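Please read these numbers as outputs of a predicted model, since none were measured by experiment. As the structure lists them, so they are numbered: ligands from 1, and atoms in each ligand from 1.
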Amino acid sequence: MLEIKDLHVTREGKEILKGVNLKTGPGEVHAIMGPNGSGKSTLAYTLLAHPKYEVTKGDILLDGESILELSADERAKKGLFLGFQYPTEVSGVGFSHFLRTAYNSLSKALQGDDREVFITVREFQKYLKDNLNKVGLKEEFLSRYLNEGFSGGEKKRAEVLQMAVLKPKISILDEPDSGLDIDAVQAVAQAISKVAGKDSTIIVITHYARILKFLDKLDYVHVFARGQVLKTGDASLADKLESEGYDWVLEQKA
Ligand code: ADP
Ligand code: MG
Ligand code: MG
């Protein structure tokens, strides 16, 4: 489904990704774990076509087709979703309005025609409420501005809510656990598990194994360091990294 091949990326002339290889399939949950500054966020931004990151070599394929030439918007319309490490507050943009606009724009792209609205505001509100329950956010959030005044945990749940509503093929969540207390980490992990589906792929980028323990399922763990995927294993690799750190992997690959 998503395949990253020998991906090299520079930012402001500095090479950060140095030959990333990664393959994911439908229904799979992947974790990318690695030290700070190793390039995890760079990979996430590159997947979503952030203009500051330049691909100098390699390819990104979605369902066998290169998406390198596509804009962020076009990639989103192909079913890619990025949950940010630091979601931004957008004053003046209602959360519910934002979700409905995004939903309708994606629906149009996926159905390939130009109808303005696919479901009524009322139908959409019902759809949102069902999804709010899944991620454990209260209804009052829908009438607030996007992320404005949300706590850390609420922002992360709001990202998972977007994922639930938009039903992307591939979701990349960049440190959905950063800055959260342990209860919030568990809640976010449960919300991720609830919206994971048999046709969608989830990639959780994290520094710590604790969020992974709360996921219902975890198929692959990738160790990311020095701008590359250095090692891939099953869920037990996350535990080993937590108890032993990353150095042993770096030494193996030195
Ligand atoms: P991670 O998410 O794994 O912590 P990042 O992808 O954020 O790592 O960063 C990878 C490398 O790119 C680091 O060495 C970092 O210092 C560098 N980097 C990140 N952002 C910038 C920036 N705005 N300008 C220059 N270098 C950056
Ligand atoms: Mg970091
Ligand atoms: Mg990061």
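- You'll find the side chain of E3 stays beyond 4.5 Å of the side chain of L22, heavy atoms only.
- Interface atoms of ligand 1 facing E12, defined by a heavy-atom separation under 4.0 Å, are 24 (N), 25 (C).
- If you look at T42 next to ligand 1, the close heavy atoms, those under 4.0 Å, come from the backbone and the side chain alike.
- Residue-ligand proximity, K14 to ligand 1, at heavy-atom distances under 4.0 Å covers atoms 14 (O).
- For ligand 1, the atoms lying closer than 4.0 Å to a non-hydrogen atom of P35 are 3 (O).
- Residue N36 has at least one heavy-atom neighbour below 4.0 Å for each of these atoms of ligand 1: 4 (O).
- At a threshold of 4.5 Å between non-hydrogen side-chain atoms, the residues M1 and E28 do not count as touching.
- Remark: E242 pairs with K213 by the salt bridge (charged side-chain N to carboxylate O under 4.0 Å, His left out) rule, at least two apart or across chains.
- One hydrophobic cluster holds both V55 and I67 under the rule that ILVMFWY side chains link at heavy-atom gaps under 4.5 Å.
- Contact of the L166 side chain with the Y103 side chain is registered, since non-hydrogen atoms from C-beta on lie closer than 4.5 Å.
- For the residue pair D73 and S71, no side-chain donor N or O sits within less than 3.5 Å of a side-chain acceptor on the partner.
- The ligand atoms of ligand 1 that sit less than 4.0 angstrom from a heavy atom of I16 are 10 (C), 11 (C), 12 (O).
- Near K40, with a cut-off below 4.0 Å to any heavy atom, the atoms of ligand 1 are 1 (P), 2 (O), 3 (O), 4 (O), 6 (O), 8 (O).
- With sequence neighbours excluded, the residues forming a salt bridge (charged side-chain N to carboxylate O under 4.0 Å, His left out) with D63 are K169, listed by chain and number.
- Atoms of ligand 1 lying under 4.0 Å from at least one heavy atom of S41, given by number and element, are 1 (P), 2 (O), 6 (O), 7 (O).
- For the Mg ion (ligand 3), the N/O/S atoms of S41 include one lying under 2.8 Å.
- The pair K134-D130 does not meet the salt-bridge criterion, since no charged nitrogen lies less than 4.0 angstrom from a carboxylate oxygen.
- Counting heavy atoms under 4.0 Å from ligand 1, residue R11 touches it through the side chain alone.
- The residue from A225, A44, G37 that puts a heavy atom closest to atom 10 (C) of ligand 1 is G37.
- Assignment of S38 to the shell around ligand 1 is supported, since a heavy atom sits closer than 4.0 Å.
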